[in-house]
Amino acid sequence: MTTRILLSLAALGLALQPAAARPLDAGWPVVASASDGDCALEVTGNGRVYLISATGLGEGRQGRYRLANGDMTPIDWSIRAGSDGRFARYYMPFRFHREGGTVDVRVDAPGCSLTASFPWRRSGVRVID
């Protein structure tokens, strides 16, 4: 009896596993982009969450990441590109008592100066009956 239960649970576990895990941002449209020489900035999003990604910065290169969204305190970080010369962060815009706005992004590294802006709107609350 115990063996049958264990085999049933194992079969259920195999049946529930996805064939291949998809990344969170798979298939998101590009909402803003910029390029400077070999460097590129791309913002993709699903309307609620956005992926801000800079490429071509150079392996391990240091830089600055700035993000402003209206009257919020801006994000201003020192960054370091990965071994592939890429820096990326997810961002979910939200401001109390605001229905939307514009997000301004800037990534600077030696030889690169990238800026882009994109609009956002607050998503409505869905009521499920």
Side-chain angles (χ1 to χ4, degrees):
M1 181 70 169
T2 303
T3 304
R4 182 182 290 172
I5 292 171
L6 290 176
L7 288 174
S8 297
L9 290 173
L12 178 63
L14 289 174
L16 295 177
Q17 288 183 351
R22 287 183 43 176
L24 174 67
D25 57 347
W28 287 357
V30 175
V31 297
S33 63
S35 63
D36 181 14
D38 293 334
C39 303
L41 176 65
E42 184 174 82
V43 180
T44 57
N46 67 1
R48 291 182 184 197
V49 179
Y50 297 86
L51 177 63
I52 299 164
S53 176
T55 57
L57 303 178
E59 180 181 347
R61 182 126 332 140
Q62 290 186 315
R64 294 275 326 145
Y65 168 69
R66 295 176 184 94
L67 183 141
N69 181 5
D71 59 358
M72 71 169 238
T73 301
I75 294 170
D76 187 357
W77 294 341
S78 294
I79 61 167
R80 181 179 300 274
S83 61
D84 58 357
R86 181 174 184 258
F87 166 80
R89 288 293 179 272
Y90 287 99
Y91 179 67
M92 184 169 36
F94 177 82
R95 291 176 37 232
F96 285 106
H97 311 294
R98 302 283 192 273
E99 294 299 317
T102 300
V103 174
D104 298 309
V105 180
R106 182 177 181 107
V107 176
D108 292 302
C112 298
S113 182
L114 303 162
T115 59
S117 298
F118 61 95
W120 67 275
R121 300 269 330 139
R122 183 183 293 183
S123 297
V125 176
R126 290 184 354 183
V127 176
I128 300 173
D129 293 329

- Intermediate values then yes/no, side chain to side chain contact (heavy atoms under 4.5 Å, CB included), S78 and Q62: CA-CA 7 Å; S78 294; Q62 290 186 315; over 6 Å; no

- Message: Please determine whether side chain to side chain contact (heavy atoms under 4.5 Å, CB included) holds for the pair V103 and M72, giving the CA-CA distance in whole Å, both sets of side-chain angles, and the decisive distance to 0.1 Å.
- Response: CA-CA 10 Å; V103 174; M72 71 169 238; over 6 Å; no

- Message: Using modelled atom types and a 3.5 Å cut-off, is there a donor and acceptor pairing between side-chain atoms of R80 and backbone atoms of G60?
- Response: yes

- Calculate, to the nearest 0.5 Å, the distance between atoms CZ and CG belonging to F87 and L57 respectively. 9.0 Å

- Query: How close do G111 and C39 get, heavy atom to heavy atom, and via which atoms?
  - Reply: O-SG, 4.4 Å

- Query: Do the side chains of Y50 and V31 get nearer than 4.5 Å, heavy atoms only?
  - Reply: yes

- Query: How many angstroms lie between CH2 in W120 and CZ in R95, if you round to the nearest 0.5 Å?
  - Reply: 6.0 Å

- Query: In terms of hydrophobic clusters joined by side-chain contacts under 4.5 Å, are F94 and Y91 together?
  - Reply: no

- Heavy-atom side-chain contact between V105 and Y65 under 4.5 Å: yes

- Item | Straight-line distance of M92 CE to N69 CG, nearest 0.5 Å | 12.0 Å

- Should W77 and Y90 be regarded as members of a common hydrophobic cluster, given that ILVMFWY residues are connected when their side-chain heavy atoms come within less than 4.5 Å of each other, either directly or indirectly? no

- With F118 as partner, the option from T102, T44, V43, D104 fulfilling side-chain contact (heavy atoms from CB on, under 4.5 Å) is V43

- Between atom CD of E99 and atom CZ of R121, what is the distance when rounded to the nearest 0.5 Å? 6.0 Å

- Taking every non-hydrogen atom, the tightest pair across G58 and A81: O-CB, 3.4 Å

- Item | Spacing of CD1 belonging to I79 relative to CZ belonging to R61, to within rounding of 0.5 Å | 11.5 Å

- Can you find a pair of side-chain heavy atoms, one from T55 and one from E42, that are under 4.5 Å apart? no

- Contact summary for S113 and D36, nearest pair of heavy atoms: N-OD2, 2.9 Å

- Here the gap from R122 atom CZ to R98 atom CZ, rounded to the nearest 0.5 Å, amounts to 9.5 Å

- Considering non-hydrogen atoms only, spot the tightest contact between T115 and L41 and give its length. C-CD2, 4.1 Å

- Could you tell me whether D38 atom CG has more than 12 heavy atoms of other residues or ligands within 6.0 Å of it? no

- For the residue pair A32 and A116, what are the closest heavy atoms and their distance? CB-CB, 4.0 Å

